[in-house]
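Just below is one structure, and these are the notes that go with it.
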Amino acid sequence: MIRVRQKPFDPGDEINAFCTHNANSGAIATFIGQVRDYVSSESGTGSVSELILEHYPGMTEKELARIADEAASRWSLDDTLVIHRFGPLTPSEAIVLVCTASAHRGDAFSACEFIMDWLKTSAPFWKKEVSPDGSEWVEARESDDHRAAEWNAK
Amino acid sequence: MIRVRQKPFDPGDEINAFCTHNANSGAIATFIGQVRDYVSSESGTGSVSELILEHYPGMTEKELARIADEAASRWSLDDTLVIHRFGPLTPSEAIVLVCTASAHRGDAFSACEFIMDWLKTSAPFWKKEVSPDGSEWVEARESDDHRAAEWNAK
Amino acid sequence: MPAIDVLYFAWIKEKIGVGQEQVSPPGTVKTVSDLLDWLADRSAGHRSALSDRARIRAALDQTHVPLDSPIEGAGEIAFFPPVTGGAS
Amino acid sequence: MPAIDVLYFAWIKEKIGVGQEQVSPPGTVKTVSDLLDWLADRSAGHRSALSDRARIRAALDQTHVPLDSPIEGAGEIAFFPPVTGGAS
């Protein structure tokens with residue numbers, strides 16, 4: 001299931017519901033991305049007071065569903081959940097949650113990491129960090145492109 | 001932190017506490033192992049009514065701590081949590097929870113999977129499945145040895 | 001060519017000053033790249049936002065496409081910087 | 001040799017009938033494997049439990065060791081099948 005939402009969510013509650021819904025899957029892997037309180041640019045030194053996540057409504061959901069489908073075609077999965085927030089976020093809030101359920105832990109782990117890697121380079125979200133120095137759009141990292149591309153070599 | 005316990009635990013509550021405790025770690029990876037309701041042996045057809053986990057008190061905690069230390073020496077981690085149950089368990093209950101916190105998702109994912117792979121082959125736990133056919137000790141799988149060994153080639 | 005909805009996101013939107021506009025480019029505009037050239041002439045903001053092609057990505061009808069893709073038949077074209085969602 | 005605590009787990013414990021016993025093997029028992037040979041003579045249950053070496057693992061003072069390890073100085077030796085904790 002794909003959910004793109006502005007309101008905060010409770011990772012523990014979502015994970016418990018996912019586990020209950022997949023009670024016969026022996027292996028559940030999850031990833032939680034949290035807002036950090038320091039700016040991502042190497043030249044910056046300030047602390048982040050707010051993170052603003054812009055997205056492309058409609059395309060976001062399509063891309064996340066495409067990524068989840070791709071994961072399901074590569075590994076044996078019982079279920080997948082992706083929750084991603086947009087709008088203003090504050091440090092320590094959860095930005096993203098990915099859960100995968102499988103009979104095998106290797107499949108659950110690989111699919112969860114794959115979804116995060118592809119999400120980073122193809123889901124249409126853009127981050128703007130607000131700090132005492134002002135606000136700045138976060139630059140994409142080449143290392144993320146490499147991570148996403150490596151899955152095609154596996 | 002390492003916790004070996006008989007009583008059930010709530011994965012969502014534990015994960016939320018771990019996230020709160022590591023509020024500045026951008027990346028949290030987790031794995032939850034659940035008791036399945038079907039027997040693991042390929043010849044068996046019955047459903048599992050109970051899983052009994054025996055362990056080696058004292059050594060279990062030592063081995064889990066050693067594995068977590070090894071993970072911390074291989075990757076950049078802010079924190080690690082391993083909870084493993086022993087005693088009688090029923091299907092769909094959580095057996096094991098591993099959480100890793102890092103600034104980088106690659107480190108969080110790798111460390112979490114590494115801990116599960118090593119735990120499978122070195123933490124002194126033994127599973128006995130109780131089904132309508134009787135009760136049977138679960139056999140170790142060679143594939144688990146391979147997975148654990150592969151980390152030394154990375 | 002029929003009218004196309006053009007969408008802008010992140011700093012591209014900020015430089016242009018609008019997030020969406022409807023345009024009717026001439027028939028000589030055949031690719032995404034042609035459209036960027038044509039849009040750049042609309043204002044100083046457009047020129048500033050759309051000049052550095054290495055930092056621009058495009059989607060045709062909500063699917064990622066390279067800049068040399070033909071645009072014929074597209075109803076919605078979006079321009080945005082490389083994406084930065086997810087987590088660390 | 002001083003007395004050693006020997007621990008058994010899982011089906012090894014079930015076959016032997018006890019989870020723990022204190023033994024004082026003779027000085028000729030130098031390795032884990034020697035100890036297994038010596039223990040096997042204690043009862044039919046011991047023999048049945050300890051005969052298939054491929055299925056037996058050992059720990060000396062709560063650390064995994066190969067079966068050819070010397071046991072001198074050990075206070076606690078455990079025998080068990082390959083471990084099966086964790087999850088799928």
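All heavy atoms count here, side chains included; hydrogens, waters and symmetry mates do not. Chain A is the first sequence line, chain B the second, and so forth, proteins listed ahead of strands; every chain is numbered from 1.
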So which part of S122(B) gets closer than 4.5 Å to some heavy atom of chain D, the side chain, the backbone, both or neither?
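Contact with chain D involves both backbone and side-chain atoms of S122(B).
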Counting only heavy atoms closer than 4.5 Å, note whether E63(B) contacts chain D via side chain, backbone, both or neither.
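Contact with chain D: side chain only.
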Would you name the heavy atoms of W118(B) and R74(B) that are closest together and state the gap between them?
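That closest heavy-atom pairing would be CZ2-NH2, 3.9 Å.
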For residues W151(B) and S110(B), report the shortest heavy-atom separation together with the two atoms involved.
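Nearest pair, atom of W151(B) first, then S110(B): CH2-O, 3.5 Å.
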So which bits of residues 16-23 of chain D come within less than 4.5 Å of chain B, counting non-hydrogen atoms only?
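So far as heavy atoms go, nothing in residues 16-23 of chain D approaches chain B to under 4.5 Å.
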Do the side chains of R66(B) and E61(B) get close enough for a salt bridge, i.e. N-O under 4.0 angstrom?
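A salt bridge is absent here (no side-chain N lies under 4.0 Å from a carboxylate O).
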Identify whether the distance between the nearest side-chain nitrogen and carboxylate oxygen of D144(B) and R147(B) falls below 4.0 Å.
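A salt bridge is absent here (no side-chain N lies under 4.0 Å from a carboxylate O).
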Is it true that H46(D) and S43(D) share a donor-acceptor pair across their side chains at a distance under 3.5 Å?
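Checked: S43(D)/H46(D) side chains pair up, N/O donor to acceptor below 3.5 Å.
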Taking the six-membered ring for Trp, are W75(B) and F114(B) ring centroids under 6.0 Å apart?
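Under 6.0 Å, so yes.
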May I ask you to name which of P82(D), A78(D), P81(D) has the most heavy-atom pairs under 4.5 Å with chain B?
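With the most close heavy-atom pairs to chain B, the winner is P81(D).
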Does the cation-pi check pass for R55(D) over W11(D), that is, NZ or CZ under 6.0 Å from the six-membered ring centre and within 45° of its axis?
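Judged by the rule, R55(D) and W11(D) form a cation-pi pair.
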